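The first residue in the sequence is number 1, and the count goes up from there. Keep in mind that the numbers below use all heavy atoms, side chains included, and drop hydrogens, waters and symmetry copies. Each ligand, and each atom within it, is numbered from 1 in the order the structure gives. The shown structure was predicted, so the numbers you read here are calculated from the model rather than taken from an experiment.
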Amino acid sequence: MNILLIGSGGREHALAWAISASPLCDTLYCAPGNPGIGEVARIVDLDVKDHSAVARFCQDNAIGLVVVGPEGPLVAGLSDDLRQARIKVFGPSKFAAQLEGSKGFTKDMCARYDIPTAAYGRFADQAAALAYLDRQGAPIVVKADGLAAGKGVTVAMTINEARAAIEDIFSGKFGGPECVIEEFLEGEEASFFVLTDGIHALPLTTAQDHKRVGDGDVGPNTGGMGAYSPAPCMTDQLCAEALERIVKPTIRALSDMGHPYVGVLYAGLILTKSGPKLIEYNARFGDPETQVLMPRLKDDIVTLMLACTDGTLDKMSVRWLPKSALTVVMCARGYPGEPLKGTEIRGLQAAAASEGVEIFHAGTALRDDKLVANGGRVLNVTALGGTVKDAQQRAYTAVDRIDWRQGFCRRDIGWRAVSTMAKLSP
Ligand code: AMP
């Protein structure tokens with residue numbers, strides 16, 4: 001079968017790496033792709049915003065499955081348009097992708113289906129939002145409603161901070177002027193991934209990421225500076241609880257609404273004293289979490305994705321290597337502000353030569369046969385290990401072999417898991 005993958009980040013390189021190894025995959029195409037993906041897939045010059053052009057490409061190239069990596073094309077309805085052209089797609093419809101695209105939609109669904117999440121108010125009017133804030137007090141969380149690339153959320157410790165965040169939202173800084181104000185929840189955060197065909201749920205595994213740019217989880221938020229899987233705090237019991245109380249009711253809700261969700265549901269959870277609560281849904285795999293999921297996956301990703309599109313997920317199971325995987329994101333100097341572009345990166349082959357190490361590209365480009373930085377997050381250096389500490393050491397050994405003076409990374413990815421595991425071992 002020929003497969004088309006949409007996207008160009010580290011997540012898509014990890015997916016391309018896994019998909020291209022599938023016995024079911026004849027030719028893997030990717031648009032827009034990146035140089036790393038180009039090593040395992042044919043890069044195609046396709047405007048993914050032009051849905052009819054994507055459908056035409058699929059028909060012309062006998063594409064049997066389209067895998068949509070990022071949220072943008074899902075929220076823009078690419079899956080709907082391809083399905084209408086009778087093309088199989090792994091990824092939810094525009095309606096179902098509101099789980100990620102609209103915080104208000106998700107909060108209203110949680111309220112209706114009794115899904116554990118933070119108490120909230122939803123406002124289209126600044127005065128009403130400010131009045132609600134005054135009644136609730138701080139700490140409190142203010143969120144812009146809509147895709148804001150992780151930048152629309154303010155965890156406000158003071159009323160003044162919260163007030164400024166509300167004013168920003170209603171000044172149109174994040175697009176549409178609508179906001180959600182949420183109860184502040186305390187607990188460790190973890191990501192839980194579940195495949196669904198719209199009816200059945202197949203839990204995958206767990207991960208944790210590091211959003212802040214600096215060591216010790218300080219500084220501005222980023223798209224993610226590193227991740228590891230599994231998350232030691234997500235015990236089997238907590239996974240079962242999250243599946244039964246959060247994810248399954250969500251799948252039922254979307255099905256009841258007449259828009260069954262097909263794809264991967266990524267639940268961002270906070271483990272509170274009264275159990276796991278939903279902070280947010282993503283309608284796709286995580287980035288950089290996918291870079292630690294794919295190396296641990298023992299089964300064929302394409303078989304699993306087809307079971308989602310074909311409604312046969314109840315017949316599937318999934319196995320994982322009993323190892324930890326950890327990825328360190330290397331960024332161009334300046335990120336998360338304006339990243340320095342065009343600087344040369346050397347030494348990738350040597351760095352990737354160790355067993356269990358994979359380097360997934362994100363913002364890279366080829367210029368005159370040289371690999372250069374072409375974005376903020378540039379490389380994902382991933383390693384498998386018997387323990388999370390072992391994976392961490394292997395990943396940093398590989399990082400240190402890369403010759404890129406204008407790049408940087410955090411040096412403490414995995415610190416929480418390493419310390420949790422140290423406490424658990426005798
Ligand atoms: P979101 O984009 O909704 O995932 O929010 C981004 C980050 O803000 C999360 O990863 C949490 O660290 C934090 N956050 C969001 N909602 C809450 C909440 N209700 N209580 C505490 N922290 C939150």
Between K143 and ligand 1, find which residue part has any heavy-atom pair under 4.0 Å and reply side chain, backbone, both or neither.
side chain
Answer yes or no: is there an ion pair linking D209 with K211, defined by an N-O contact shorter than 4.0 Å?
yes
Under 3.5 Å between some N or O of ligand 1 and some N or O of V141?
no
Is any side-chain N of the basic residue among K103 and D145 closer than 4.0 Å to the acidic one's carboxylate O?
no
Run down the list R212, E186, E280, E182 and name the one with the heavy atom closest to atom 19 (N) of ligand 1.
E182
At less than 4.0 angstrom from any non-hydrogen atom of E189, what atoms of ligand 1 do you find?
9 (C), 10 (O), 11 (C), 12 (O)
Measuring from the heavy atoms of K277, does anything fall under 4.0 Å of ligand 1?
no
Aromatic ring pairing W17/F360, orientation class (parallel under 30°, perpendicular over 60°, tilted between)
perpendicular
Closer than 4.0 Å to some heavy atom of K211 - which atoms of ligand 1 meet that?
10 (O)
Between N374 (side chain only) and G363 (backbone N and O only), is there a donor and an acceptor less than 3.5 Å apart?
no
Parallel, tilted or perpendicular for F105 and F95, by the 30°/60° rule?
perpendicular
Where ligand 1 meets K103 - atom numbers and elements under 4.0 angstrom, heavy-atom basis
1 (P), 2 (O), 3 (O)
Might you work through the salt bridge (charged side-chain N to carboxylate O under 4.0 Å, His left out) test for K49 and D47, ending with a clear yes or no?
CA-CA 5 Å; K49 290 200 178 97; D47 176 6; 5.7 Å; no
